[in-house]
Amino acid sequence: DTAVSQTPKYLVTQMGNDKSIKCEQNLGHDTMYWYKQDSKKFLKIMFSYNNKELIINETVPNRFSPKSPDKAHLNLHINSLELGDSAVYFCASSQQGSYEQYFGPGTRLTVT
Amino acid sequence: DQQVKQNSPSLSVQEGRISILNCDYTNSMFDYFLWYKKYPAEGPTFLISISSIKDKNEDGRFTVFLNKSAKHLSLHIVPSQPGDSAVYFCAASGRIQGAQKLVFGQGTRLTINP
């Protein structure tokens, strides 16, 4: 009965590859997010979708493309991976009008 | 330009004593503040929050204080327990560039010693 789940939990890949991270929430929330936690441990918003519509798109390279097939899913596709993309990526969800966001367990991406 | 700062990267407290975690922010547009707790290899979990119209919110052993004039908030845990050992993130919510966003501090690692 996991509320927000992400797959995979760990991802090791080489520079130049394309990879995807999947996120699903079963809380019935209508807003989903992707965050990046870098080596300095800052959690920074990357994208947010509300009812499948993109509402937040921070200054993120266009190699990163979110896709929301429905309200319960928000996937993150990354093209041409670079060393600097190595980080932990967290998916989160919330109900519109609520400040509280619920986070997934994170995906540790390592680019070699 | 870090809008939310937690200046103590780590804090060590004796079990049973009070733990005080601090957070400062710079943007006066923030209208809601939250504390999250994070264990290794897990995502952050919501702990307690406070609206900008209040100066205190209490939930069991956890109390959050907000000083708007100083742009400072703190989380008090009393009494501290070994299970409280984790990284604590302060987060501030505000309407930034047309969208409601959560801005996080860099976290404080709390260690409770038996």
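Given the structure is predicted, the values throughout are model-derived calculations rather than measurements. Labels below follow one simple rule: chain letters A, B, ... track the order of the sequence lines, proteins then strands, and each chain is numbered from 1.
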CZ (B:Arg17) with more than 12 external heavy atoms under 6.0 Å: no

Common cluster, A:Val60/A:Leu109, ILVMFWY with side-chain heavy-atom separation under 4.5 Å: yes

Chain A contact via B:Tyr36 - which portion, at a heavy-atom distance below 4.5 Å: side chain

B:Val103 with B:Tyr25, same ILVMFWY side-chain cluster at under 4.5 Å: yes

Common cluster, A:Phe103/B:Ile48, ILVMFWY with side-chain heavy-atom separation under 4.5 Å: no

Exceeds 12 heavy-atom contacts within 6.0 angstrom, atom NZ of B:Lys54: no

Gap between atom CZ of B:Phe33 and atom OH of A:Tyr99 - 0.5 Å precision: 10.0 Å

In one Ile/Leu/Val/Met/Phe/Trp/Tyr side-chain cluster, 4.5 Å: B:Leu102, B:Tyr32: yes

Min side-chain heavy-atom separation B:Gln6-A:Lys41 under 4.5 Å: no

Residue B:Leu34 versus chain A: region with a heavy atom under 4.5 Å: side chain

Reported CD-to-CG distance for the pair B:Gln100 and A:Asn50, which is rounded to 0.5 angstrom: 12.5 Å

Interatomic spacing from CZ in B:Phe46 to OG in A:Ser98 - rounded to 0.5 Å: 8.0 Å

Atom CG of A:Leu83 with >12 non-hydrogen neighbours under 6.0 angstrom: yes

Point-to-point distance, once rounded to the nearest 0.5 Å, from CD of A:Gln37 to CD of B:Gln106: 11.0 Å

Contacting moiety of A:Leu43, where chain B heavy atoms sit under 4.5 Å: both

Connected via hydrophobic side-chain network under 4.5 Å: A:Tyr102 and A:Ile45: no

Ring geometry between A:Tyr35 and B:Phe104 (parallel below 30°, tilted from 30 to 60°, perpendicular above 60°): perpendicular

From OG1 (B:Thr45) to CD (A:Glu100), nearest 0.5 Å: 11.5 Å

Which atoms of A:Glu58 approach chain B - backbone, side chain, both or neither, heavy atom under 4.5 Å: side chain

